[in-house]
Protein chains: 2
Amino acid sequence: MTTGRLFGIGLGPGDPELITLKALRHLQAAQVIAYPTAKAGHGNALKTASPHLSPSQTLLPLVYPVTAGPEADQPDYLDRMYRFYDETSTQLAELMDGGQDIALLCAGDPFVYGSFMYWYKRLNERYQTVIIPGISSIFAGPIAAGTPWVSRNDTLTVIPGTLPEADIVSRLEQGDAIAIIKLGRTFKKVRQALAKSGRLAQAVYVERATMTNQNVQAVKDVTPGNVPYFSMIFVPGSEVG
Amino acid sequence: MTTGRLFGIGLGPGDPELITLKALRHLQAAQVIAYPTAKAGHGNALKTASPHLSPSQTLLPLVYPVTAGPEADQPDYLDRMYRFYDETSTQLAELMDGGQDIALLCAGDPFVYGSFMYWYKRLNERYQTVIIPGISSIFAGPIAAGTPWVSRNDTLTVIPGTLPEADIVSRLEQGDAIAIIKLGRTFKKVRQALAKSGRLAQAVYVERATMTNQNVQAVKDVTPGNVPYFSMIFVPGSEVG
């Protein structure tokens, strides 16, 4: 019996039509479809992949013990997450030892702020691993807004909203084109940092880019209480001539 | 007669299988395939799209009057480029006025260091425009190398190698995960900046990611004279636990 392989499949920003031909091919060939998900819900990755799957494929949810949010501040957060990656890696390894190929779904791109890297680290040396890049949702925001973003000699800086306010301000001041991610409860701090750095007026908020309920607004018009974790802010770089 | 539309089609990093289903659909439906190219050669974008095109589609090369390289330092560089975008926009407009849909090919992603933004700016208000995101070649590099890149609270900074050395050094010192693009004749300066910032040992060089002649090396082992413009360097962010 041949040992199964691990496919890390970048699914892109959400629209099922924005997966690549290569992702589709490997997605449809795998016996097992593994996908990370919060306790409640089925995960964005599965939603994107669903239209391309067949009933003969086995679905394997990998349920996070903790979700991004207040729980992530608790002292045992990392321990619990690492234990989760260890245990689910054992589960995936057993399936591959049994000869099954696994497609592990990754929202966006596998190596850009993705959980896939933790499984990859635990399994890559023992199993044949194929990684398929995907369009990060970070990149889908400016296109959804129709606003040219990064050109010529601009730098591009992606800033997690979880950083301290002063760090966000200095990166906004030094950078050209900007994306800010991990919003939700960090939104008020981020908006303040945009104001302090003089970049609030140009900042654009994009929620669920490329999904059916996509929403684009000027950051200054956004109601802070309504910002989900899966949203982003971008600031265009130098003007396109 | 219905006026034609403009489709800005992100084609991804080079492997024809890394285009999205949406890009494929619009690529195959357009009457005219327009693509930027240097005087010599046919352009990377056309090479990626070619396997998906049919003989009934009209090919329209948009030939840059100047290419990145020493010519870009001349004082009339910008004027010549803007005149080129103006003239070719007129050409594209005439085809759309004649009812033809145009697929304008974009290597990587249309809004990330792409020529498309210049045509978009000139045509967007007069013609219906649809933009399809693509995987930037910047993102394909770490995956080609199999090295996890950006995680947790890392910032991600993309730095053009055309910036002054001191600017590159300070961004390398302040950033976590890094990509450096626009190499070629800037390579020696970039390698020096990596050494000065203490990040040379971790830096990885990737040439033509996802293409058949892909090449991955430690930056310290690269021969400076052999570095093409379409290559990139990345430095991983914090270690994945």
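Just so you know, these numbers use all the heavy atoms, side chains as well, and skip hydrogens, waters and symmetry mates. First the proteins, then the strands, lettered A, B, ... as listed; each starts at 1.
Contact annotation for A:T147: only backbone heavy atoms (N, CA, C, O) come within less than 4.5 Å of a heavy atom of chain B. Only the side chain of A:D109 has a heavy atom closer than 4.5 Å to any heavy atom of chain B. If you measure heavy-atom distances from A:Y120 to chain B, the contacts under 4.5 Å come from the side chain alone. Only the backbone of A:P16 comes within less than 4.5 Å of a heavy atom in chain B; its side chain stays farther off. Residue B:L163 touches chain A through its side chain alone, counting heavy-atom pairs closer than 4.5 Å. With a threshold of 4.5 angstrom between heavy atoms, B:R171 approaches chain A through side-chain atoms but not through N, CA, C or O. With a 4.5 angstrom heavy-atom cutoff, A:D15 touches chain B only via side-chain atoms. When heavy atoms are compared at a cutoff of 4.5 Å, A:I138 does not approach chain B at all.
Results of the ring pair (Phe, Tyr, Trp, His ring centres under 6.0 Å) test with A:W119 over A:Y82, A:Y85, A:F7, A:Y127 single out A:Y85 as the only residue that passes. Residue B:D86 is tested with B:K121, B:R80, B:R122 for a salt bridge (Lys or Arg N to Asp or Glu O under 4.0 Å); the sole match is B:R122.
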Run the side chain to side chain contact (heavy atoms under 4.5 Å, CB included) check on B:I180 and B:M232 step by step: do they pass?
CA-CA 6 Å; B:I180 308 175; B:M232 60 95 67; over 6 Å; no
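Heavy-atom pairs under 4.5 Å with chain A peak, among B:L24, B:N124, B:I131, B:D154, at B:D154. Ranking A:F139, A:F111, A:F116, A:W149 against chain B, the residue ahead of the rest is A:F111, based on heavy-atom pairs under 4.5 Å. Between chain A and the options B:T157, B:I19, B:D167, B:I181, the largest number of non-hydrogen pairs under 4.5 Å is found for B:I19. Listed options B:P236, B:P142, B:A177, B:G241 were ranked by heavy-atom pairs under 4.5 angstrom with chain A; first place goes to B:G241. In terms of heavy-atom pairs under 4.5 angstrom with chain B, the leader among A:D176, A:V112, A:T162 is A:V112. Ranked by heavy-atom pairs under 4.5 Å with chain A, the list B:S151, B:P133, B:P148, B:G8 is led by B:P148.
Taking CD1 of A:I132 as the reference point, atom CD of B:E17 lies at 7.5 Å (rounded to 0.5 Å). A distance of 10.5 Å separates CG of B:L18 from CE of B:M211, quoted to the nearest 0.5 Å. Within the model, atoms CD of B:E207 and CD of B:Q214 stand 10.0 Å from one another, a figure rounded to the nearest 0.5 Å.
Here B:E165 pairs with B:K196 in a salt bridge; the nearest charged N to carboxylate O distance falls below 4.0 Å.
For B:K47, the NZ atom counts as loosely surrounded, since its 6.0 Å shell holds 12 or fewer non-hydrogen atoms of other residues, nucleotides or ligands.
Checked against the 6.0 Å centroid criterion, the rings of A:F84 and A:Y118 do not qualify as a close aromatic pair.
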